[in-house]
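Everything below concerns the one structure shown next.
Note: hydrogens, waters and symmetry copies are ignored here, and every other heavy atom, side chains too, is used. Counting starts at 1 for both ligands and their atoms, in listed order. The structure presented is a predicted model; accordingly, all values stated were derived computationally and were not measured.
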Amino acid sequence: MLQRPLRMIMLGAPGAGKGTQTERLLKKIGPSLTAMSSGDLLRSNIAAKTPVGLEAQEIIKAGKLVPDKTMISLITAELEKNNWLNSKASWLLDGFPRTKSQAEALDSTLSTHDCAVNFVVDLVVPERVILERIENRWVHVPSGRVYNLTYNPPKVPGKDDITGEPLSKRADDDAETFKKRLDAFRETTEPLKEYYRSRDDVFWEVHGETSDEIYPQLEKEILRRFG
Ligand SMILES: Nc1nc2c(ncn2[C@@H]2O[C@H](COP(=O)(O)OP(=O)(O)O)[C@@H](O)[C@H]2O)c(=O)[nH]1
Ligand SMILES: Nc1ncnc2c1ncn2[C@@H]1O[C@H](COP(=O)(O)OP(=O)(O)O)[C@@H](O)[C@H]1O
């Protein structure tokens with residue numbers, strides 16, 4: 001389906017639907033596209049009690065951002081491990097970069113392998129809409145699959161549809177922590193958007209109140225540019 005490599009960054013407020021859009025794109029585009037969610041990577045490090053997980057756990061619970069240095073080395077190692085650092089690979093990064101210095105570090109890694117980011121999508125969803133979503137979000141940590149008690153509930157309450165393993169509530173998904181995450185998002189994302197807006201035709205905004213409204217616009221734009 002892709003005629004040329006897609007190297008995509010997904011931006012958007014906590015709860016805007018980055019993970020949901022990523023899942024749909026992976027289903028539609030198939031194995032030629034792989035994705036990585038920085039949040040899922042952190043949660044699996046927390047579950048595995050790695051040094052990164054132990055460092056990140058309290059930070060995430062407090063609704064703050066994990067230090068750039070930690071994120072840059074974590075994600076760069078994953079890019080190498082997944083063999084994304086070549087001009088043929090198509091990939092989607094969800095949740096990274098989240099600050100301008102992360103974006104600069106990513107660019108310097110990518111430019112040495114001739115595989116610069118070529119599509120930056122900003123999901124713009126009204127804040128009043130996403131607070132309700134967060135309160136109903138449940139996740140299956142090992143797979144990163146995302147559920148919502150009102151929008152896409154699991155077939156069996158509390159169980160992952162594929163593995164039957166228990167779902168969990170994210171420690172940072174309570175209303176109070178969510179407000180802190182929104183503050184962190186507002187503070188760091190504007191400079192990041194400006195950073196990408198300065199690139200000709202790489203930055204693209206999509207607006208909507210539901211993922212069902214947003215996804216068709218996103219798929220159409222990807223096909224127009226890369227199909
Ligand atoms: N009500 C509703 N919930 C949604 C919609 N899209 C996603 N969700 C749910 O909202 C929560 C946040 O979505 P997610 O993809 O995790 O957002 P992310 O934090 O940006 O990755 C999850 O529980 C999703 O299942 C939607 O259009 N309507
Ligand atoms: N690129 C990043 N830089 C710093 N912290 C991050 C990054 N990605 C994820 N995190 C941390 O992990 C938490 C969960 O991230 P994520 O699953 O993307 O949640 P959401 O999309 O709801 O913000 C963030 O609130 C933040 O604490």
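Considering backbone and side-chain N/O atoms, D94 never comes within less than 3.5 Å of an N/O atom of ligand 1. Looking at ligand 1, you won't find any N or O of W138 less than 3.5 Å from one of its N or O atoms. For ligand 1, none of its N or O atoms has an N or O atom of R170 under 3.5 Å away. When only interatomic distances are considered, the shortest N/O to N/O separation between P14 and ligand 1 does not fall below 3.5 Å. The shortest N or O to N or O distance between T210 and ligand 1 is not under 3.5 Å. Backbone and side-chain nitrogen or oxygen atoms of D212 are examined, and none is located within less than 3.5 angstrom of a nitrogen or oxygen of ligand 1. In terms of N/O distances under 3.5 Å, ligand 1 is approached by T20.
A donor-acceptor contact shorter than 3.5 Å is absent between the side chain of E219 and the backbone of Y215. Between the T109 side chain and the A105 main chain, a donor and an acceptor come within less than 3.5 Å of each other. Side chain of R98 to main chain of G95: a donor-acceptor pair is present (N/O by atom type, distance under 3.5 Å, no hydrogens or angles). Listed for the N118 side chain is a donor-acceptor partner under 3.5 Å among the backbone atoms of R7. A donor-acceptor pair is defined here as one N or O able to donate and one able to accept, closer than 3.5 Å; such a pair exists between the side chain of N86 and the backbone of K88. A donor-acceptor contact shorter than 3.5 Å is absent between the side chain of R137 and the backbone of K169. The closest donor-acceptor contact from the side chain of E190 to the backbone of R186 lies at 3.5 Å or more, if one exists at all.
Under a 4.0 Å heavy-atom criterion, S37 is not in contact with ligand 1. Using a 4.0 Å cutoff on heavy atoms, G17 counts as a contact of ligand 1.
The nearest heavy-atom contact from the protein to atom 25 (O) of ligand 1 is N152 OD1, 2.9 Å. The protein heavy-atom contact nearest to atom 21 (O) of ligand 1 is G19 N, 2.9 Å. For atom 23 (O) of ligand 1, the closest heavy atom belonging to the protein is Y147 O, 2.7 Å. At the top of the distance list for atom 6 (N) of ligand 1, counting protein heavy atoms only, stands S211 OG, 2.6 Å. For atom 8 (N) of ligand 1, the closest non-hydrogen atom on the protein side is Y151 CD2, 3.5 Å. With respect to atom 16 (O) of ligand 1, the closest heavy atom belonging to the protein is R137 NH1, 2.7 Å. Remark: minimum distance from atom 22 (C) of ligand 1 to any protein heavy atom is reached at V146 CG1, 3.3 Å. Closest to atom 9 (C) of ligand 1, if we only count protein heavy atoms, is N148 ND2, 3.5 Å.
Few gaps surround NZ on K193; more than 12 heavy atoms of other groups in view lie less than 6.0 Å from it. By the neighbour-count criterion of 12 heavy atoms within 6.0 Å, atom NZ of K69 is sparsely surrounded, having that number or fewer from other residues, nucleotides or ligands.
Other members of the cluster containing L167 are W138, Y147, L149, with ILVMFWY side chains joined at under 4.5 Å, either directly or via other members.
One distance of note links CG of N83 with CG of L85; it measures 7.5 Å at 0.5 Å rounding. Between atom CG of residue D173 and atom CD1 of residue I134 there is a gap of 4.5 Å, rounded to the nearest 0.5 Å. The CZ atom of F226 sits 11.0 Å away from atom CG of L33, with the distance rounded to the nearest 0.5 Å.
Protein residues having at least one heavy atom under 4.0 Å from any atom of ligand 2 are P14, G15, K18, S38, G39, L42, R43, I60, K64, L65, V66, M71, G95, F96, R98, Q102, R137, R170, D172, R181, listed by chain and number.
Within the listing of ligand 1, atoms 20 (O) sit less than 4.0 angstrom from a heavy atom of A13. The atoms of ligand 1 that sit less than 4.0 Å from any heavy atom of K18 are 15 (O), 17 (O), 18 (P), 19 (O), 20 (O), 21 (O).
Between atom 11 (C) of ligand 1 and the options E132, R133, R24, the minimum heavy-atom separation is to R133.
Using a 4.0 Å cut-off between a side-chain N of Lys or Arg and a carboxylate O of Asp or Glu, R199 and D107 qualify as a salt bridge. Here D201 pairs with R225 in a salt bridge; the nearest charged N to carboxylate O distance falls below 4.0 Å.
Here the options are K64, R181, K179, R43, the test is salt bridge (Lys or Arg N to Asp or Glu O under 4.0 Å), and the partner is D172; only R181 passes.
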